[in-house]
Undergrad: 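Right, I'll just put the structure down here and ask away after.
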2 protein chains.
Amino acid sequence: MSSDDTYAGAGNLQATLDLLWGTQEPPSRGPKPSLSVEQVVRTAIALADADGLDGLSMRRVAEELSVGTMSLYRYVPGKSELVDLMLDAVQAELPTGTSPGSPDTWRAGLTEVAHGEYALYRRHPWVLRVSQARPLFGPNSMAAYDAALRTVEGLGLSAHEMASMAAAVSCYVQGTARITVEFDTAARRSGISDEQWWGTQLPFMTAAFAEGRYPTLAKVYQGGAYDPDDDFFSFGFGLERVLDGIESYVRTRKAQP
Amino acid sequence: MSSDDTYAGAGNLQATLDLLWGTQEPPSRGPKPSLSVEQVVRTAIALADADGLDGLSMRRVAEELSVGTMSLYRYVPGKSELVDLMLDAVQAELPTGTSPGSPDTWRAGLTEVAHGEYALYRRHPWVLRVSQARPLFGPNSMAAYDAALRTVEGLGLSAHEMASMAAAVSCYVQGTARITVEFDTAARRSGISDEQWWGTQLPFMTAAFAEGRYPTLAKVYQGGAYDPDDDFFSFGFGLERVLDGIESYVRTRKAQP
DNA sequence: GCGAAATCGGGTATGGTGTACGCGGAATCA
DNA sequence: TGATTCCGCGTACACCATACCCGATTTCGC
């Protein structure tokens, strides 16, 4: 067990937003900086991609950049703020060119958005470790969110309903990624192999099953639901369920005057 | 921005499982312990409930219990392992007495499970900060999971499908809780009020909208989708969508021989 | 051109975290 | 009774973020 809880939108919000939106004038006096904010952010992303948020420290970023740790505070106000910048930077990878929604195309559009989001978590698993309850909105995150909403435009949904649909899909995608992506990185991060993790606890489970405890779980387990295979947990299957639900609502709602 | 990434199922798995399942013999020699594992776990839960995982440290738990920090390591192998114990302990609060699923009752059953899970996150927001990608299964978590699976029993679903349905709902519940529960605790944790958070970034957003950027998002925002109200983000609405999708699948699947 | 002002680089220090190691004392076993 | 086991916890170490401040660099204004 390692430890680092990370929350978007903390620290010096004003300074972070100024950096995100490029609204601060460059200094007109003083020594020339040896780095740029973009360099710091890029380096931090690479470190987090490689070693997770656990592996991200100001010292390590400084080391990678061959500067003193405290120099970094010339570029970003703090570690919190650095993570906010990282979050917006990686969201540049999300789809932005979605088509406006229509009864025939919204499902494909929302599927594209969902897959794009899922792929982002695959590339940058650390993003899942940052609480997005109160995000800071930068140019990239707003563009991606605009694109997602666009897929459910033109269906006669209220603004609130549109936001809810996009959010339901995103919640599902994130929830799934937490299982699949984090499962895939767990062995490396923890130093405990999947076989060891499963093998250590299996005897406890099978002993409980043998006593007749947890009968449905026993049946599902014995039915092979958790057998290791490539589609151990099906992103596509569950996504279809969520989209089915949205489709049902869209269809039903249209039927009402 | 504060920092603590927390992963279930790390550290000394064997020792943790022995504690979870009560499979270790109490010592027959040596001084009598002044505490119990349950006391340590209970105190840690109370601290985490009050101050989040950020606020949980071995030093603080020891202080609450009026013992030296290092004494705690007599009861739990480490902080990782303590969190695993905490996770199973709070899951005792989840519903376990669900009825076996049937075409008429599965939806109500799964709704009960979803609401129970959501309520757990409300009471113990820190649980959301622990990655469950590779959990350790203790008696309470297995009982709760068994109960969830029981609601989708008897519908002719395969073991894999049953697991997928339960997981889709859980993913949705967790995703939603991350937004609503963590939003509600964000101001206190960060020291930044909701008004400050929103008010600091709103000028940047409205400036972008004024330039014609993010048109769909602008429309949704101006349509009042993010206005503060009690049902800002609707847990029930989204859950119905997910359940609708499952219902559609269950109905469709039954139609196939 | 010079002095003042602004800003960069980063050393030092502080406060916080988890936990390895090992000593003294308490309790039980043979 | 002596040997063995185990509890309590002090000490020390390694790691983390960052406040404060000094010296050096660069630009502005007179």
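Quick caveat, the model's predicted, so the values are computed rather than measured. Chain A is the first sequence line, chain B the second, and so forth, proteins listed ahead of strands; every chain is numbered from 1.
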Undergrad: In whole angstroms, how far is the P atom of C:dT17 from the CG atom of B:L53?
TA: 14 Å
Undergrad: Donor-acceptor pairs are to be reported for all side-chain atoms of residues 29-39 of chain B against protein atoms at under 3.5 Å, with residues two or more places apart or in another chain.
TA:
from  : atom 1 : to    : atom 2 : distance (Å)
B:S36 : OG     : B:Q39 : N      : 3.1
B:Q39 : OE1    : B:S36 : N      : 2.9

Undergrad: Once you round it to whole Å, what is the distance between P of D:dT18 and OH of A:Y75?
TA: 17 Å
Undergrad: Under the ring pair (Phe, Tyr, Trp, His ring centres under 6.0 Å) rule, collect the residues that match up with A:Y221, sequence neighbours excluded.
TA: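 For A:Y221 the ring pair (Phe, Tyr, Trp, His ring centres under 6.0 Å) partners, ignoring immediate neighbours, are A:F209.
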Undergrad: I need the full list of side-chain hydrogen bond (donor to acceptor under 3.5 Å, both in side chains) pairs touching residues 60-70 of chain A, with sequence neighbours left out, sorted by first then second residue.
TA: A:D51-A:R60
Undergrad: C:dG16 base to B:R59 side chain: any donor-acceptor pair below 3.5 Å?
TA: no
Undergrad: Between A:D51 (CG) and D:dC15 (C1'), how many Å, whole number?
TA: 15 Å
Undergrad: Counting the atoms with a prime plus P, OP1 and OP2 as sugar-phosphate, which does B:T69 contact under 4.0 Å by heavy atoms, base, sugar-phosphate, or nothing?
TA: base
Undergrad: Can you pull out every salt bridge (Lys or Arg N to Asp or Glu O under 4.0 Å) where at least one residue sits in residues 169-180 of chain A? Sequence neighbours excluded, please.
TA: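 Checked against salt bridge (Lys or Arg N to Asp or Glu O under 4.0 Å) - neighbours excluded - no pair reaches residues 169-180 of chain A.
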Undergrad: Can you tell me the distance, in whole Å, between the CD atom of A:E25 and the C1' atom of D:dC28?
TA: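 Distance, rounded to whole Å: 16 Å.
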Undergrad: What's the CG-C1' distance between A:D54 and C:dG18, to the nearest Å?
TA: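 That distance rounds to 13 Å.
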Undergrad: Using a 4.5 Å cut-off on heavy atoms from C-beta on, say whether the side chain of A:F183 contacts that of B:S131.
TA: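 A side-chain contact under 4.5 Å is absent here.
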Undergrad: May I have all residue pairs that pass salt bridge (Lys or Arg N to Asp or Glu O under 4.0 Å) and include part of residues 136-148 of chain A, sequence neighbours excluded?
TA: A:D146-A:R150
Undergrad: To the nearest angstrom, how far is A:L35 atom CG from C:dG9 atom P?
TA: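 One finds 6 Å between P of C:dG9 and CG of A:L35, rounded.
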Undergrad: From CG of A:N12 over to C1' of D:dA19, roughly how many Å is that when rounded to an integer?
TA: 15 Å
Undergrad: Are A:R189 and B:Y7 in a cation-pi contact, defined as NZ or CZ under 6.0 Å from the six-membered ring centre and within 45° of the axis?
TA: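 Verdict for B:Y7: a cation-pi partner in A:R189.
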Undergrad: Heavy atoms from C-beta onward define the side chain here; which of C:dC8, D:dC9, D:dT18 lies closest to that of B:S71?
TA: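 From the listed options, D:dC9 comes nearest.
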Undergrad: Base contacts versus sugar-phosphate-only contacts with protein, heavy atoms under 4.0 Å: please encode nucleotides 20-30 of chain C as B, S and - from 5' to 3'.
TA: BB---BBBBS-
Undergrad: Find the distance A:R60:CZ to D:dA17:P and express it as a whole number of Å.
TA: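 Rounded to whole Å, this separation is 11 Å.
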